[in-house]
Amino acid sequence: MTKIYVIAEARQGQLKKPSLEAVTAALELAQAAGGGEVTALLPGHGLDAAKGELQKSGANNVVALDSDVLANYSGDGYAKALKDHLGDATVVLMPHSAMGRDLMPRLAAMLDSGLVSDATALHFEDGKFGATKPVYAGKAYKKSFSQKSVFCATLRPNNWAPTEGGDASVSDAAPSFGADELRAVVQEVMAAAGGKIPLSEAKVIVSGGRGLQSPEQFHIVEKLADAFGAGVAAVGASRAVVDAGWRPHSEQVGQTGKVVAPVLYIAIGISGAIQHLAGMRTSRFIVAINKDANAPIFKVADFGIVGDAFEVVPALTEAVAANVS
Amino acid sequence: MNIVVCVKRVAASDTVVKVGADGKSLDPAGVEFVLNPYDEFAVEEAIKTRDAAGGGEITAITLGSSDSEKDLRTCLAMGADKAILLDDGGAARDAYSTAVTIAEHVKGLNPDLVFCGKQAIDGDDSQFPARLAALLDMPVLTEVSTLTKDGDQLRAERDIEGAREVVTCKLPAVVSANKGLNEPRYPNLKGIMAAKKKPLAKVSVEAVAPATDTVSLELPPPRPEGRLFESVDDLIAALKNDAKVL
Ligand SMILES: Cc1cc2nc3c(=O)[nH]c(=O)nc-3n(C[C@H](O)[C@H](O)[C@H](O)COP(=O)(O)OP(=O)(O)OC[C@H]3O[C@@H](n4cnc5c(N)ncnc54)[C@H](O)[C@@H]3O)c2cc1C
Ligand SMILES: Nc1ncnc2c1ncn2[C@@H]1O[C@H](COP(=O)(O)O)[C@@H](O)[C@H]1O
């Protein structure tokens with residue numbers, strides 16, 4: 001029987017939403033393969049709430065690897081603990097998050113299997129599992145199929161909807177080794193200021209570029225993001241303003257920054273260089289505000305206003321705030 | 001310090017992608033190939049680490065075709081000491097076959113530290129560093145933004161969703177470099193001249209079979225024609241009624 005495992009991600013005991021999306025992807029793939037069992041594996045510590053959420057995610061089983069050994073993330077430690085539970089796996093899925101990118105290639109190597117990272121679709125054709133993923137920064141999509149007995153994929157966030165319902169059987173298991181066997185271990189997590197939502201999870205991203213002219217004037221971008229309400233919008237930036245030191249690199253969108261696909265991406269004073277487009281062109285809706293009607297950003301924009309950001313953005317901020325409240 | 005840095009030759013970031021006649025790979029006609037931008041950070045960090053340790057040797061290694069010699073010379077010009085070109089004629093590989101093939105050769109070099117880029121900007125896999133670490137039985141620090149070394153102890157900071165993590169491990173280890181780790185130097189004339197005399201070994205290899213088989217490469221569907229508005233009110237209406245995001 002097809003056995004699909006989802007590696008669920010919890011941080012400080014909190015289940016990350018893309019884990020639920022991965023369960024949906026697993027359920028769909030099991031169905032495409034003519035049936036199968038979906039098991040969520042949850043490594044970490046203090047997992048009661050996360051376990052409860054996964055129990056109602058549509059998975060058949062939930063196995064919590066709850067141990068103080070796994071309290072702090074360790075790529076090699078998590079891989080070692082998880083491998084013991086993957087002896088009969090046909091497919092292993094995980095979100096394409098910072099943790100997924102660190103953990104899954106290691107696990108795939110330990111399972112002697114292929115891995116498609118950042119997958120946007122999963123397939124079962126002619127008895128083989130496969131996936132489609134963006135390559136060349138989203139300028140093309142590659143479809144490939146597994147040649148091995150186990151197939152792994154990390155899944156792009158925001159690409160599957162969480163499933164609600166079900167009642168999984170929940171069990172606990174402990175790793176078979178002690179903390180002294182961990183090698184790369186997280187010592188500390190420094191939270192970003194102000195409880196801002198991360199770019200990769202934001203529904204709306206408001207990004208600014210060199211057209212904002214100075215770090216002080218860039219604040220109109222933050223004000224527009226705030227207008228969408230708490231926890232909805234994140235601020236992004238072009239490389240030009242990151243290189244100029246106006247904004248931190250963690251906000252850079254593009255080829256050498258983050259690749260994002262929010263429901264709404266608003267680009268303000270950004271010309272739309274190919275390397276910037278690489279990071280945001282798969283957003284559901286793109287809005288461009290630029291004073292140059294010939295700026296390449298308008299070629300990918302669904303909606304645009306040709307005008308001065310310092311006139312358009314404050315008016316837009318007011319109108320958004322009025323519509324949100 | 002015995003340092004290895006893994007580098008890859010990739011299509012430049014401004015490449016206009018055209019699909020080749022086989023329907024599953026990039027048409028290389030007119031494409032400019034460069035050293036993967038993240039690998040520049042890896043080479044720079046290798047040089048800084050060697051120099052801070054007061055000595056050692058940096059070996060730059062790549063798996064590719066004979067064209068990759070150019071990028072290895074760039075690494076040598078920046079300051080690497082020697083280079084190895086594993087030449088498989090540029091065969092079709094995946095992350096699995098690349099890592100297994102390179103690991104065989106890196107093992108023999110017995111490195112204390114292996115630097116990689118966080119991602120090759122052609123396949124966008126972000127797999128090789130952690131795979132290599134598993135195959136070498138080493139810990140890995142991925143997507144590193146700051147790195148400090150104290151004896152055989154490494155401390156890295158890396159960005160995760162909405163936060164920054166501090167991760168530590170001991171040597172030997174694999175480290176993958178994110179943008180911002182350092183400011184990669186440009187090779188100067190002296191470096192370029194010196195690079196010509198530095199050892200560059202060419203080894204012909206046959207890469208192991210990939211674990212995944214590519215069946216197609218396709219361009220994304222074009223985005224629908226956009227609409228320009230005169231007023232903020234019209235934009236708000238479109239966001240409400242068409243996009244339904246307000
Ligand atoms: C290897 C490599 C990797 C790269 N990676 C990235 C990346 O990850 N992300 C990225 O963004 N870039 C990246 N770049 C850089 C990219 O090529 C561009 O240089 C950069 O995106 C330009 O940023 P910008 O649009 O803010 O600035 P500009 O190109 O200078 O554009 C500014 C825009 O603001 C408009 N403007 C000016 N004043 C106003 C006003 N008052 N109101 C409204 N509009 C106004 C102008 O018309 C112009 O279109 C990369 C480049 C290379 C070579
Ligand atoms: N063919 C290769 N030869 C040498 N190093 C490579 C090769 N492919 C990938 N790498 C290294 O692995 C990093 C991540 O690549 P990837 O996993 O392909 O995204 C790159 O930045 C390189 O440091």
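Each chain gets a letter, A, B and so on, in the order the sequences are listed, and its residues count up from 1.
In this structure, chain A has a heavy atom under 4.5 Å from the side chain of B:L235, while its backbone stays farther away. For B:R131, the parts sitting under 4.5 Å from any heavy atom of chain A are the backbone and the side chain alike. Only the backbone of B:P210 comes within contact range of chain A, judged by heavy atoms closer than 4.5 Å. Both the backbone and the side chain of A:D302 come within contact range of chain B, with heavy atoms under 4.5 Å apart. The part of A:A301 that comes within reach of chain B is its backbone (N, CA, C, O), which places non-hydrogen atoms under 4.5 angstrom from that chain. Interface remark: B:F128 contributes no atoms to any contact with chain A (heavy atom separation under 4.5 Å). Within the 4.5 angstrom heavy-atom criterion, atoms from both the backbone and the side chain of B:D137 approach chain A. If you measure heavy-atom distances from A:L264 to chain B, the contacts under 4.5 Å come from the side chain alone. If you measure heavy-atom distances from B:A133 to chain A, the contacts under 4.5 Å come from both the backbone and the side chain. For B:A99, no part lies under 4.5 angstrom from a heavy atom of chain A. Residue contact with chain B, scored on non-hydrogen atoms closer than 4.5 Å, involves the backbone of A:S283 exclusively. For a residue to count as touching a neighbouring chain, one of its non-hydrogen atoms must lie under 4.5 Å from one of that chain's; by this rule A:I286 touches chain B with backbone and side chain alike. The part of A:T282 that comes within reach of chain B is its backbone (N, CA, C, O), which places non-hydrogen atoms under 4.5 angstrom from that chain. In this structure, chain A has a heavy atom under 4.5 Å from the side chain of B:K118, while its backbone stays farther away. If you measure heavy-atom distances from A:V204 to chain B, you find no contacts under 4.5 Å at all. A:F129 does not touch chain B: none of its heavy atoms, backbone or side chain, sits under 4.5 Å away. Neither the backbone nor the side chain of B:Q119 has a heavy atom closer than 4.5 Å to any heavy atom of chain A. Neither the backbone nor the side chain of A:V232 comes within contact range of chain B, judged by heavy atoms closer than 4.5 Å. Proximity to chain B is absent for every atom of A:E318, based on heavy atoms less than 4.5 angstrom apart. In this structure, chain A has no heavy atom under 4.5 Å from any part of B:S25.
Around CZ of B:R223, the count of heavy atoms belonging to other residues, nucleotides or ligands within 6.0 Å exceeds 12. Heavy-atom neighbours of B:K149 NZ from other residues, nucleotides or ligands within 6.0 Å: above the threshold of 12.
The greatest number of non-hydrogen atom pairs below 4.5 Å with chain B, out of A:R11, A:M110, A:R281, is found for A:R11. Counting heavy-atom pairs closer than 4.5 Å to chain B, the top residue among A:D112, A:L277, A:I289, A:D118 is A:D112. Each of A:A109, A:A184, A:A108, A:S97 has some count of heavy-atom pairs under 4.5 Å with chain B, and the biggest count is that of A:A184. In terms of heavy-atom pairs under 4.5 Å with chain B, the best-connected choice from A:L103, A:V189, A:V186 is A:V186. Comparing B:T142, B:T214, B:D213 by how many heavy-atom pairs each has under 4.5 Å with chain A, the most go to B:D213. Taking A:N72, A:V300, A:I274, A:D102 one by one and counting their heavy-atom pairs under 4.5 Å with chain B, the maximum is reached by A:D102. Interface remark: of the candidates B:I160, B:V167, B:D122, B:L219, B:D122 forms the most heavy-atom pairs closer than 4.5 Å to chain A. The candidate with the highest count of non-hydrogen atom pairs below 4.5 Å against chain A, out of B:D159, B:I236, B:N178, is B:I236. Each of B:R155, B:R158, B:K24 has some count of heavy-atom pairs under 4.5 Å with chain A, and the biggest count is that of B:R158. For the options A:G254, A:A234, A:G114, heavy-atom pairs under 4.5 Å to chain B are most numerous at A:G114. With chain A as partner, the option from B:L135, B:D233, B:V140 having the largest number of non-hydrogen pairs under 4.5 angstrom is B:V140.
Nearest heavy-atom pair, B:K240 versus A:N323, reported as atom, atom and distance to 0.1 Å: NZ-OD1, 2.6 Å. Of all heavy-atom pairs spanning A:K148 and B:Y96, the tightest one is NZ-OH, 3.0 Å. Pairing each heavy atom of A:P105 with each of B:S126, the nearest pair is CG-O, 3.8 Å. Taking all atoms of both residues into account, the shortest heavy-atom contact from B:L217 to A:V135 is CD1-CG2, 3.6 Å. Nearest heavy atoms, A:G138 versus B:P220: O-CG, 3.7 Å. Here the closest heavy-atom approach between residue A:V324 and residue B:L246 is recorded as CG2-CD2, 4.0 Å.
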Side chain to side chain contact (heavy atoms under 4.5 Å, CB included) evaluation trace for A:E125 with B:V215: CA-CA 12 Å; A:E125 287 173 23; B:V215 297; over 6 Å; no
side-chain hydrogen bond (donor to acceptor under 3.5 Å, both in side chains) evaluation trace for B:E161 with A:S200: CA-CA 7 Å; B:E161 293 77 15; A:S200 58; 4.6 Å; no
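With respect to the salt-bridge test (charged N to carboxylate O, under 4.0 angstrom), the residues B:D124 and A:K139 do not qualify. Using a cutoff of 4.0 Å between basic side-chain nitrogens and carboxylate oxygens, B:D125 and A:K142 are not scored as salt-bridged.
Taken from OG in B:S13 to CD in A:Q255, the straight-line distance is 5.0 Å, to the nearest 0.5 Å. One distance of note links CD1 of B:I121 with OH of A:Y136; it measures 10.0 Å at 0.5 Å rounding. Between the NZ atom of A:K143 and the OG1 atom of B:T212 there is a distance of 14.0 Å, given to the nearest 0.5 Å. Between the CD atom in B:E165 and the CD atom in A:E188 there is a gap of 10.5 Å [rounded to 0.5 Å]. To the nearest 0.5 Å, atoms CZ (A:R183) and CG (B:L141) are separated by 11.5 Å. Annotation: the span from B:L228 atom CG to A:F303 atom CZ amounts to 11.5 Å, rounded to 0.5 Å.
With hydrogens and angles ignored, the 3.5 Å screen pairs a side-chain donor or acceptor of A:K133 with a backbone N or O of B:G123. Between the side chain of B:Q127 and the backbone N or O of A:L115 there is at least one donor-acceptor pair closer than 3.5 Å.
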